[in-house]
Asks: 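Quick one: this structure, given as structure tokens, is what I'll be asking you about.
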Amino acid sequence: MVTSIQSVVGTERKVVTELPGPKSQELQERRRRVVSSGVTNGFTVYIERADGAILEDVDGNRLLDFGSGIAVTSVGHAVPELIEAVTQQVAAFTHTCFMVTPYESYLQVCEELAQLTPGDHDKRSALFNSGAEAVENAVKIARHATGRPAIVVFEHAYHGRTNLTMALTAKNMPYKDGFGPFAPEVYRVPMSYPFRDGHSGPDAAERAIRLMETQIGAENIAALLIEPIQGEGGFIVPAEGFLPALADWARSRDVVFIADEIQSGFGRTGKWFAVEHEGVVPDLVTTAKGLAGGMPLAAVTGRADLMNSVHEGGLGGTYGGNPVAAVAALASIHTMRERNLLARATHIGDIISERLRQLQAELPLVGEVRGRGAMMAVELVVPGSREPNASATKAAIKYCTDHGVIALSCGTYGNVIRLLPPLIITDEQLHDGLDVLSEALRQQS
Ligand code: PLZ
């Protein structure tokens, strides 16, 4: 049964109707009557099945996936090993609640996390359902362990949509507007954003440290929380030396350094975690998305003394570390190793950078090309300036989706196109999608 589903989906992008097609349009009509308009869709094609890097919609269109459901399906769609593991687990048992009666797969995920996350110190993990929930718990743990209230976050940061994580997230629209009041004791300092601030990494870190010391006081800070490469904020890669300087400062002041690797982690950048590119070892790491290949699972992993400082029963939740999600994570991690997907991520990054840099040389619309591995982006500007160009970004994304390539935007100013293909994408598929994106950008120039 499983194989017949897979064999139906081809490996090539193929648009056979207008997009969205008639069946998708019908579903969209139905949707309007039952789904809150507060939840939106980037692209209203309704998906029926998927395989590898291709999504097939209800009208039979085959779309090339450059988004991986926002950096989730890194191992690709319909991975046989994952299907097998999940199917067997569903038949065995779907839920007991780990806090009521435990099961082995939860331990195995924590063993993998201890091994894969940076540093060879003694580690513990706790499992949750979503990225926001992992971030909330990392903050709870850091506050409990230090007895301090303040949490420091950065400009352009994204950490989630729950009340605490909205406070941690920078951008007002659409994430925060009208949803306050927000959780207190959250302080925001400037990020290193080389394209826009021109600072070296150490200088940008010095600026942030000065603010923390003078306006908050290190003795009041429980944790410094940072995405090593910012995701929703615009795929901002801090200047070299920024992360190590902050991590050193945090260590010297007993401030917990939390790396939010929810988008940048799990092989996306060519290493298991993006902090590894600069040799940084965080005290706590939050993971989700790519961890479980599409099943909802998230984790906080880090120093045993911090993770165990919480009183018994202080962490948990009904579904955290659900057995179906847990075996999906194990299958996904195994697939990443077996298929050498970290090296694939680097290879994908090389292809994308080369193609995008050619475009940058050709088109003044392209302000910057940046990212690492299979987490690459272009920042679009008004030609001849650094003025963010959100309208061109929107139009280029529309061109891509009209032509069956699912591409996503991001950025505080809405002017960044990000590429997050599944790591199993073939070179042919990648070039095909990049051809469409190139044409999309040329049309905006
Ligand atoms: N931390 C770094 O990227 C989720 C958000 C999509 P959840 N990013 C996609 C949207 O508009 O809601 C994310 C992230 C980083 C935390 C999160 C939150 O993860 O699983 O969406 O809660």
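Quantities reported herein were computed from a predicted structural model and do not represent experimental measurements. Counting starts at 1 for both ligands and their atoms, in listed order.
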Asks: Indicate yes or no: does an N/O atom of Glu133 lie under 3.5 Å from an N/O atom of ligand 1?
Replies: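 It does not: no N or O of Glu133 is found under 3.5 Å from an N or O of ligand 1.
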Asks: Which residue and atom name correspond to the protein heavy atom nearest atom 1 (N) of ligand 1, and how close is it?
Replies: Asp260 OD2, 2.7 Å
Asks: Fit a plane to each ring of His95 and Tyr319, take the angle between them on a 0 to 90° scale, and name the class: parallel (under 30°), tilted (30 to 60°) or perpendicular (over 60°).
Replies: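 Answer is tilted, since the angle falls between 30° and 60°.
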Asks: Mind checking whether Lys289 has a heavy atom under 4.0 Å from ligand 1?
Replies: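 The answer is yes, since Lys289 has a heavy atom less than 4.0 Å from ligand 1.
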Asks: Regarding Gln360 and Arg355, do their side chains bring together a donor and an acceptor under 3.5 Å, going by distance alone?
Replies: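 Absent: no donor and acceptor within the cut-off.
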Asks: Mark up the atoms of ligand 1 that fall under 4.0 Å of a heavy atom belonging to Glu227, in ascending order.
Replies: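 Close to Glu227: 2 (C).
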Asks: Within the distance-only criterion (no hydrogens, no angle test), does the side chain of Arg370 pair as donor or acceptor with the backbone N or O of Gly234 below 3.5 angstrom?
Replies: yes
Asks: Between Ser24 and Gly21, is there a donor-acceptor pair closer than 3.5 Å when you use the side chain of the first and the backbone of the second?
Replies: no
Asks: Side chain, backbone, both or neither: which part of Arg161 has a heavy atom under 4.0 Å from ligand 1?
Replies: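 Within the 4.0 Å criterion, Arg161 contacts ligand 1 through side-chain atoms alone.
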Asks: Considering the heavy atoms of Ile70, write down every atom of ligand 1 situated less than 4.0 Å from one of them.
Replies: 6 (C), 9 (C)
Asks: Working to the nearest 0.5 Å, report the span between CZ of Arg303 and NZ of Lys123.
Replies: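 That separation rounds to 12.5 Å.
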Asks: Using heavy atoms and a threshold below 4.0 Å, how should the contact between Ala132 and ligand 1 be classified: side chain, backbone, both, or neither?
Replies: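 Both of them.
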Asks: What part of Glu232, side chain, backbone, both or neither, has a heavy atom within less than 4.0 angstrom of ligand 1?
Replies: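 Only the side chain of Glu232 comes within reach of ligand 1.
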Asks: Got the closest protein heavy atom to atom 3 (O) of ligand 1, with its distance?
Replies: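 Result: Gln263 NE2, 2.8 Å.
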Asks: To which of Ala134, Cys410, Pro296, Gly131 does the heavy atom nearest atom 20 (O) of ligand 1 belong?
Replies: Gly131
Asks: Indicate yes or no: does Glu379 engage Arg196 in a salt bridge with an N to O separation below 4.0 Å.
Replies: yes
Asks: Side chains of Thr335 and Glu81 only: does a donor on one sit below 3.5 Å from an acceptor on the other?
Replies: yes
Asks: Ser130 heavy atoms, cut-off 4.0 Å: which ligand 1 atoms fall inside?
Replies: 20 (O), 22 (O)
Asks: Which donor-acceptor pairs under 3.5 Å do side chains of residues 66-75 form with protein atoms, sequence neighbours excluded?
Replies:
residue : atom : partner : partner atom : Å
Ser68   : OG   : Leu420  : O            : 2.7
Thr73   : OG1  : Ser68   : O            : 3.4
Ser74   : OG   : Arg268  : NH2          : 3.3

